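Encoded as structure tokens, the structure appears first; notes follow it.
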Amino acid sequence: MNFEAVKAIYLFEMARMRRTLLQSVVSPVLTTSLYFIVFGTAIGSRIEQIDGISYGAFITPGLIMLTLLTQCIANGSIGIYFPKFTGTIYEILSAPVAMTEILLGYVGAAASKGLIIGLIILGTASFFVDISIAHPVMMVVFLVLTAITFSLAGFIIGIWAKNFEQLNIMPMLVVPPLTFLGGSFYSIDMLPPFWQTVSHFNPVLYLVSGFRWSFYEIADVNPVISLAMIGLFLVICLSLVAWIFRTGYRLRN
Amino acid sequence: MAPIVSIRNLTKVYGNGFQALKGVDLEIEEGEILALLGPNGAGKTTLISIVCGLVNPSGGQVLVGGNDVVKDFRKTRAMIGLVPQELTTDQFETVWNTVTFSRGVHGKKADPARIEAVLKDLSLWEKRNNTLRELSGGMKRRVLIAKALAHDPRILFLDEPTAGVDVTLRREMWQVVEKLRQDGVTIILTTHYIEEAEEIADRVGVISGGELLLVEAKAALMKKLGRKELRLELTEPMTALPEALGAYNVSLAENGGALIYEYQGEGEQGRIAMLLGALTAQGIEFRDLSTRQSSLEDIFVELVEKKA
């Protein structure tokens with residue numbers, strides 16, 4: 001294992017976050033604060049409690065997930081896409097590093113950034129609403145597994161993307177609808193039966209539901225199933241990455 | 001001594017069906033400077049890319065220090081430094097950070113003293129805190145060399161190191177290469193500039209159409225293939241060559257004002273005396289004479305044209 005290389009890539013990526021602090025940290029915190037002001041305080045004050053939880057508190061786990069998914073995919077993809085775009089990838093590909101080490105460096109950094117931002121948002125949320133965490137260990141498990149899985153998904157997108165438009169498709173066009181329709185802002189019990197069924201095909205439902213359960217012990221789906229689904233997404237992403245590494249897809253061809 | 005790089009029957013076919021390399025064999029000795037000459041699209045960069053691990057080979061084998069570049073990539077890549085053709089840099093990074101990163105990614109522990117020495121050797125020390133976008137093209141190329149040297153490689157690949165570089169900087173690059181050779185680094189460079197190969201290489205390889213047409217010690221190559229030309233400025237112009245000169249490979253130039261004798265560099269010196277004797281016998285006088293040896297460029301053009 002080339003630990004020096006993993007460290008070099010990881011620190012290089014984290015340095016990029018420090019350099020773009022405004023864009024990396026301040027922007028998601030500001031956006032989330034706006035959500036709390038609009039949905040939590042302004043509109044939320046007129047919405048009755050859901051399962052005994054104030055609306056502002058109810059949407060907190062979903063908002064953290066929304067940011068975590070977007071940030072992990074964005075960071076995971078830009079981390080590997082940018083060297084491809086500028087050409088500096090030559091150095092990593094000609095260095096004595098295995099693809100798993102490249103993966104650890106980039107995905108580790110993207111997941112770390114996602115987690116840092118997720119925790120900052122949790123801190124921000126606590127200024128607006130009362131938050132209680134029933135299962136802190138499981139909360140961290142959900143958070144970490146989701147961060148790793150979606151940073152991996154970002155890495156795959158970064159390798160697949162041939163231009164900036166393709167790079168932005170997932171975080172801009174796919175993640176927001178899935179999160180909004182995945183029970184971030186409501187319990188799917190509120191939906192008509194048909195749409196409840198449709199919602200079960202939305203992977204984000206399982207992430208948000210499981211994560212919310214770790215806070216308030218309320219869930220749209222059994223938390224064990226949520227955990228199993230995250231595990232399944234992780235396995236799918238790892239399989240795709242393994243295939244990319246085996247074939248050299250868009251890296252060494 | 002075993003060669004430091006050994007390439008056997010190397011082939012590469014890209015996904016679009018283009019065959020970039022058609023069975024290349026090449027051995028590179030430790031400590032030498034090898035120049036690979038070839039027109040655009042000849043396969044130079046593909047060859048380098050396979051040795052460095054950037055491109056997967058389609059067939060054949062490459063050994064570096066006796067290790068296979070695919071199976072033992074950790075050992076081979078740790079021995080190699082690569083300076084790419086394009087000025088690809090992290091524009092927003094500082095010189096210091098980007099060179100330090102290069103050392104780390106090659107698995108070497110951080111060593112600020114070593115980085116300092118590399119930067120000083122390349123006259124980059126004053127610029128260490130500048131971001132790369134603030135540097136000129138020539139400075140950026142130095143940074144790429146510094147990055148390639150940060151992990152103390154035994155072999156350095158320079159892909160078109162002086163493309164688009166002005167004459168002064170090109171001379172400086174050659175000095176850098178010479179210093180590296182003195183330190184025992186094996187250097188393989190690709191170039192369009194024949195004078196570059198002529199100036200600094202020990203051996204020259206010519207690639208065209210994915211094939212290695214020849215590899216020779218530069219001096220031997222010039223001697224073997226270098227055609228010589230003896231030029232005689234005649235006192236009186238001639239309209240036609242006298243029959244007595246038919247045995248020699250001579251021709252008239254400048255409307256009969258000069259006589260050109262072409263001969264091979266080796267084994268024909270004796271014939272010059274005979275030619276001059278024949279001229280005297282014919283009463284042909286000349287007021288000046290000069291000889292010229294064909295350059296590497298002439299040899300190169302001839303080889304590539306023959307191939308085409």
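Nothing here was measured: the structure is a model prediction, and the numbers come from that model. Each chain gets a letter, A, B and so on, in the order the sequences are listed, and its residues count up from 1.
- Of all the listed residues (N97(B), T88(B), L144(B), T89(B)), the one sharing the greatest number of non-hydrogen pairs under 4.5 Å with chain A is T88(B).
- Side chain of R77(B) to backbone of L93(A): a donor-acceptor contact under 3.5 angstrom is found.
- Interface summary for chain A: among T76(B), D90(B), I80(B), the most heavy-atom pairs under 4.5 angstrom belong to D90(B).
- In terms of heavy-atom pairs under 4.5 Å with chain A, the best-connected choice from S49(B), A110(B), P84(B), A78(B) is P84(B).
- Among all heavy-atom pairs drawn from N56(B) and T247(A), the shortest one is ND2-O, 4.5 Å.
- Per-residue heavy-atom pair counts under 4.5 Å with chain A were compared for K75(B), R103(B), M79(B), E93(B), and the maximum is reached by E93(B).
- Atom CZ of F180(A) has more than 12 heavy atoms from other residues, nucleotides or ligands within 6.0 Å.
- Surrounding CE of M172(A) are at most 12 heavy atoms belonging to other residues, nucleotides or ligands under 6.0 Å away.
- Closest approach of L54(B) and Y90(A) over heavy atoms only: CD2-O, 3.2 Å.
- Other residues, nucleotides and ligands contribute over 12 non-hydrogen atoms within 6.0 Å of the CZ atom of F164(A).
- I92(A) has its side chain within reach of F101(B): a pair of non-hydrogen atoms, C-beta onward, lies under 4.5 Å apart.
- Taking the side chain as every heavy atom from C-beta outward, F12(A) and V105(B) never approach each other to under 4.5 Å.
- Annotation: K162(A), atom NZ; neighbour count of heavy atoms from other residues, nucleotides and ligands within 6.0 Å does not exceed 12.
- Proximity of H106(B) to P96(A): side-chain heavy atoms (C-beta onward) are separated by under 4.5 Å at one or more points.
- Other residues, nucleotides and ligands contribute more than 12 heavy atoms inside 6.0 Å of the NZ atom of K84(A).
- Scanning all heavy atoms of the two residues, the minimum distance from R74(B) to V97(A) falls at NH1-CA, 4.3 Å.
- Within 6.0 Å of the CZ atom in F233(A), the count of heavy atoms belonging to other residues, nucleotides or ligands exceeds 12.
- Contact of the K109(B) side chain with the E4(A) side chain is registered, since non-hydrogen atoms from C-beta on lie closer than 4.5 Å.
- When heavy atoms are compared at a cutoff of 4.5 Å, R16(A) does not approach chain B at all.
- With hydrogens and angles left out, the side-chain atoms of Q91(B) and T86(A) include no donor and acceptor closer than 3.5 Å.
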